[in-house]
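Letters go in sequence order (proteins before strands), and every chain restarts at 1. A quick note: this is a predicted structure, and the numbers were derived from the prediction, not measured.
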Amino acid sequence: MTQTTDPAATARGQQLRALMLQYGGILMALVALCVIFTLMNGRFMTVANLTNILQQVAVVAIAAFGMTWVILLGEIDLSIGSIIAVAGMAGAQALAMGVGFVPALLFTLAAGAVMGGINGVLTAKLMLPSFIVTVATMGIYRGVVSLPTNGAPAMISDPSWIAIGSGSFLGLPIIIWIVLVLFLFNHILLSRTTFGRRTYLTGGNREAALYSGIKVDRLKIAIFTLSGVMAAIAGILLSSRLYSAQTNAGMSYELDAIAAAVLGGTSLAGGVGTMIGTLIGALIIGVMNNGMNMLSVPYFYQLIVKGLVILIAVWLDVRAKKRRA
Amino acid sequence: MTQTTDPAATARGQQLRALMLQYGGILMALVALCVIFTLMNGRFMTVANLTNILQQVAVVAIAAFGMTWVILLGEIDLSIGSIIAVAGMAGAQALAMGVGFVPALLFTLAAGAVMGGINGVLTAKLMLPSFIVTVATMGIYRGVVSLPTNGAPAMISDPSWIAIGSGSFLGLPIIIWIVLVLFLFNHILLSRTTFGRRTYLTGGNREAALYSGIKVDRLKIAIFTLSGVMAAIAGILLSSRLYSAQTNAGMSYELDAIAAAVLGGTSLAGGVGTMIGTLIGALIIGVMNNGMNMLSVPYFYQLIVKGLVILIAVWLDVRAKKRRA
Amino acid sequence: MTDAPDIVLSMSDVKKHFGPVVALRNMRLQIRPGRVHTILGENGAGKSTLMKILVGVYQPTDGRMELAGQPYSPQSPTEAAQRGLAIVFQELSLCNNLSVAENIMATHEPARFGFINDRKLRQMAAELVADLGLPVNVDAKVGDLSIAQRQLVEIAKGLSHPAKVLILDEPTSSLSDSEADILFSIIERLKARGTAIIYISHRMEEIMRLSDDITVIRDGEYVATRDRNDTTIEELIALMVGRRMDEIYPPALAPGQTRGTTPALEVRKLTRADEFADISFQVMPGEILGFFGLVGSGRSEVMNAIFGMRAATGEIWLGGKPVQFRSPVEAIRAGIGFVTENRKEEGLVLGAALQPNISSASIPAFAGRSGFLNFGAERQAAAAEVQRLAIRTNSLQTLAGTLSGGNQQKVVLAKWLLTRPGVLILDEPTRGVDVGAKFEIYRIIRQLASEGTAIIMVSSELPEVLGLADRVAIMAEGRIKATLSGDELTPEHVMAYATGTSK
Amino acid sequence: DGIGASLLTQQHPFYIELADAMKAEAEVKGVPLEISIANQDLNKQLADVEDFIVKGVDVIVISPVDSQGALAAIAKAEAAGIKVITVDIPIANGQVTSHIGTDNYTGGVKAAELMGKVLEGKGKVAIIDYPTVQSVVARIDGFKKGLEEFPGIEIVAQQTGITRAEALAVSQNMLQANPDITGIFGFGDDAALAAAVAVKSAGLQDQVKVIGFDGMEEARNAVDSDPVMVGVIQQFPQEMGKTAVDTAAQVIAGEEVPAEQPIVPGIYTGM
Ligand SMILES: Nc1ncnc2c1ncn2[C@@H]1O[C@H](COP(=O)(O)OP(=O)(O)OP(=O)(O)O)[C@@H](O)[C@H]1O
Ligand SMILES: Nc1ncnc2c1ncn2[C@@H]1O[C@H](COP(=O)(O)OP(=O)(O)OP(=O)(O)O)[C@@H](O)[C@H]1O
Ligand SMILES: [Mg+2]
Ligand SMILES: [Mg+2]
């Protein structure tokens, strides 16, 4: 604001400018959406509603964090919707067997890791395209989820499990805390560690990464496992919010997760993308869904508007990036 | 069979060997499936049932022909399921307005071309990734299809339209003729013409294609349009088979179409694939669905088995190709 | 710029900006038929950009061009081809998924009503290749070919268009002398027919041998045009780099410089079916071992096997201990560095910035046990390498893909220098590098050797091998035919083994 | 031979109970029964029926994915000389041997009557719908018709919430936009249960009453234990399944069967 050349302020200013350059297009889209909805419905911009949006977007956002890793590697994971369902069911079954909250939680996470790991091993070791591997496991996991209850939902009554989705901590819903913590975890892992760096390099050029001494196969398996675990966490949240594990839970969430990541600037060719972008992308989707419900837009028009907003947001982003280059 | 060295026979033999080399893995999978189902159910290998399979697979096969073009270019089209639905609805509405069979048919094809063309223009001219463009238009078209009837299905009673799905010609259902004609059309267009060659060149190396003077943008728009038209034809068949246009018709058929193409050896990276492969891939999916129904495999197990068969088939294919190289 | 009757192509005041990057500031050029006009300039001087403007890939920001007296501003490569310009691109622009014939005839396939006549296409391509005398099989898939062969295909593709003006942008960068000779005789033939040829190369001997006119450019700006007969290599280099360079090769170190008695690397009977057999050699610390051979002699395959990228039988000893690398990770840990020959596919992440590219083979060195990267240390190390190799860039955040070819090659080199290898394998390390930079690279190789690094240098440029190596292993048909040193190391000897006239 | 049954879905408790009841009754009657699941895809339903025809079943029991679209499948079966019985969802202007199903429209009217009663004739109501499913559309139509009896009740919002997760988000958002809502009608148990969760998380449990439709066990338990869930319209899948198989067995035996066997839904408001 002032004209002094305080170096710290300058650095902050530069950081802000870099942020604006990188996310300008997509942030603009998010802000525009918020402004429009606020103008059209006074109740949109309330703490209660914003909390609502964050809670509703939590499941997709967490799945999208995992998806971002996979896409950064130049791969895709279409099975996460099914993993979300299996995770919920695994938790419900474990709880029903009376193993207790923490073991059930660990069991669920392990189930997610195993399912993601299978995707990774099939992709990396058998060298099958991840698209087809995860289309196949999408079906397989969706079949598996129905086996314990023959398709029926499983009730969950464990109070700790339920608290995840409806409890609060320091005035903020636990579910929002979880999103924040997972965002930070993934963001730091991606931007600050060798693991993240290897992901960027491998996604940018697999062959060059191999020659540079990166264990591409292991990395791939690790990342699909990570994506599976993220999906499992999303599944836990979802089952907790619904008080039950549904066999059709998470259906087609993979597309929302991919849309969030791509809206946020992640390139499907691999090698380009950030967690911040994905979070913004997920928020756009959440704001859009919430805002249109608030305005009582009929379902079919919602589909149309949602598609148009995605197009406009990506286009704004591509344009902003082109202008910068 | 004989030991003579008739040159024509040798040429045929070589062609056959080339065919086996290229499609060995996937053909093996198809034959294995047929053998297993025949052994387990005597009614599988009957003319009536094989006709059944071909009819059931028609919609996905035709959509997959269009999808093959798009994938060859290194792009993807997730909107074809929605285009299938819109096409059926467009036809039903036109017929209901009494324009007559042929105008309704042309209107439907034009609708498919326009929807595909929109995908193409957005991808080529605005340089947006086709994945996100077609995820967006998937939603938009799905919204549009519900507008005329507010979500309700539209009855079709035009006898010519119905005949497409249930009539016969020279003893073979018309629907099978259509599949064969479209297969030949796409196969020849792809393998024998400059248009097909340009598609391979561009899918193999977009930059090189640009440098060679190929109008990549125009090609892309043309191919998305073609994919839209194929989806529209699939939508006509579907609505004809169902005597009605359903607003949720074709949901997630894009995944089946992609699976058929990839099973048939089309590389998602672009530049590699054939229509023959796609046809075989579609047949595998059809045989699997039919065979498991014949064996009364419960639904959830069908999902699992289908996923496993896709995995095994692709793996066989990748292995066969590797051994050849 | 008067249009003298014998000027076929001329340009003046041509500018080209890529956003903030100014690739060309003020270019002029006059091309005459039946003459070879060489464009000479450092890496990143703007040569390729200029050529791409000529064939309509890029449109100039400003400037005028004339072709045969008519205004000329091609909007696409097709238009340029119609006006009689053909080009062989520097960065290979082939489709790996298609056959050689299909690539050569791309976009001008023999066709009727859009239907391609495949038999005729194959025949036309085969005739063209035979006519040119190029040793490539037109039915092979381009993806299966070595880089050098792909370059030959690229040449055939460029020559498949009848052209008034033929542009060759570093056509020999991956070729050994014998293939290059084929190209030169083709050029002579075209010249005799009156074709104007624009030629770009960094190989000075070749330029002096081939050119009629030579235009030097520097930093996107026209410097001077000389007749070949009125100039010298020294003058051209001085014009190009802006200072005098008396020597192309840095002074050789005193003989007996090698250290110790244990070879840094010893290979015994390394064999891989259908590629190479019975490869045995050793390199001492501080020694530079050259590997010479014709295209496809199998040198790259051997180096890949040593580096753990491909399985092979035989023994590898490192510093007197037997080792077996199942992957590059293990080779790198053991202290081997490998500058691969195909920088775009194997060397660089084109979409990533310079800093991560340069550090990519030494990631563990910039991280503690925690796995957190030390960005400060990484930046410093990368900056030091950029400075040492004089890589031309605005910042470490520049994307590798936007650098000129020669500068990209230096980035690959920087990446491996940073691993501080005990054994450094260089596969065509100066491919597409300008003379000034070459000298720098040679100097660095020499310096590394003097510090005790064992160096294997695979090269198809004979002068480079002879000028730099202490000993030279000569490969042909997947075998080492001879290892020469000292007085035996003459061009005649080496070529005799390489071409198989000497057994 | 035997019965081939093509059911709409297997991911809904109603259809699970229906299928279980059919299997149990087939066991009792000793008739072979095969069930395939259309997964809400009409094309798959048609393929399933075609496969039944090839297999040569005697009777086909079908719960249509869509009342009009299933005509093609039924026509094919009848052309092959196979009798067809529909369950749950009727076929539009077509003839089948027998139809066994819930009267969804009447069920909707009953839901409205209950809503009017618990709201004492005035208040603001929201609806969670699923507009592409005809049986649901009939429920909603019935509900709206029934509410016409209560001029003091106003419908302030209607949104689509197909899965339980979607229904939860939609209810939250509707409550946010209209904090004065006093009643929610969910087209199915999932929608109603999700709405109840949303009501409680918005802290409106003393203000909002939720009514559902289907009446499966989970929802009935909720009505028993949760004051927000004031009632569900109860369908009777066991009875439907049993009747369907009995009817099919009669058809196989060549007996006459009634063309319409309506099963009137009940109202469950707690023990
Ligand atoms: N597409 C582009 N975007 C941004 N900068 C570019 C682009 N193409 C070239 N440049 C820049 O323009 C300058 C000239 O590049 P050019 O490729 O013409 O060099 P060159 O003389 O051919 O070098 P070399 O001898 O290494 O091939 C370089 O600084 C390069 O980084
Ligand atoms: N005539 C040919 N046709 C097809 N492929 C060939 C031919 N000659 C060689 N190759 C391929 O080229 C490879 C050998 O080339 P390689 O790159 O190892 O040789 P090199 O000695 O390193 O030569 P350079 O690197 O200069 O091309 C082999 O993998 C082989 O498959
Ligand atoms: Mg260049
Ligand atoms: Mg080589």
Side-chain angles (χ1 to χ4, degrees), chain A residues 71 74 76 78-79 82 118 122 126-147 150-151 247 251-252 255-256 258-259 261-263 266-269 281 298-315 317-319 321-322, chain B residues 71 74 76 78-79 82 118 122 126-147 149-151 247 251-252 255-256 258-259 261-263 266-269 298-315 317-319 321-322:
Chain A
I71 299 180
I76 199 102
L78 298 177
S79 72
S82 297
I118 290 175
L122 290 173
L126 299 192
M127 312 230 269
L128 308 181
S130 57
F131 194 106
I132 203 79
V133 164
T134 55
V135 160
T137 56
M138 171 169 89
I140 295 175
Y141 300 157
R142 185 64 68 186
V144 167
V145 68
S146 306
L147 298 183
N150 197 20
T247 52
M251 203 93 95
S252 86
L255 292 182
D256 274 352
I258 295 170
V262 175
L263 271 175
T266 308
S267 156
L268 288 162
Y299 180 59
F300 309 123
Y301 291 98
Q302 287 200 15
L303 287 177
I304 297 175
V305 172
K306 200 166 146 181
L308 290 175
V309 170
I310 290 180
L311 282 178
I312 293 169
V314 176
W315 174 68
D317 198 45
V318 165
R319 216 184 46 152
K321 292 233 166 82
K322 215 187 296 169
Chain B
I71 299 179
I76 198 104
L78 298 176
S79 72
S82 298
I118 290 174
L122 291 173
L126 299 192
M127 312 231 269
L128 309 180
S130 57
F131 195 106
I132 202 78
V133 164
T134 56
V135 159
T137 56
M138 170 167 89
I140 295 175
Y141 300 157
R142 185 64 67 188
V144 167
V145 69
S146 306
L147 298 183
T149 61
N150 199 20
T247 52
M251 203 93 96
S252 88
L255 292 183
D256 274 352
I258 295 170
V262 175
L263 271 175
T266 309
S267 156
L268 287 162
Y299 178 62
F300 305 126
Y301 291 98
Q302 286 201 15
L303 285 178
I304 296 175
V305 172
K306 199 167 147 182
L308 290 176
V309 170
I310 290 180
L311 283 179
I312 293 170
V314 177
W315 175 69
D317 199 47
V318 165
R319 217 184 45 152
K321 294 237 166 79
K322 216 188 295 168

Using non-hydrogen atoms and a 4.5 Å limit, figure out which bit of B/L147 sits close to chain A: side chain, backbone, both or neither.
side chain
For A/L268, is it the side chain, the backbone, both or neither that has a heavy atom under 4.5 Å from a heavy atom of chain B?
side chain
Can you list the residues that meet the side chain to side chain donor-acceptor pair (under 3.5 Å) rule with A/S130, with sequence neighbours excluded?
A/E75
Looking at chain A, which one of B/L78, B/L122, B/L126 has the largest number of heavy-atom pairs inside 4.5 Å, strictly under?
B/L126
Using non-hydrogen atoms and a 4.5 Å limit, figure out which bit of B/I312 sits close to chain A: side chain, backbone, both or neither.
neither
Any residue meeting side chain to side chain donor-acceptor pair (under 3.5 Å) with B/S79, in chain and number order, not counting sequence neighbours:
B/D77, B/N119
Can you tell me how far CG of B/L308 sits from CD1 of A/I140, rounded to the nearest 0.5 angstrom?
4.0 Å
Would you say the side chain of A/N150 lies within less than 4.5 Å of the side chain of B/Y299, judging by non-hydrogen atoms?
no
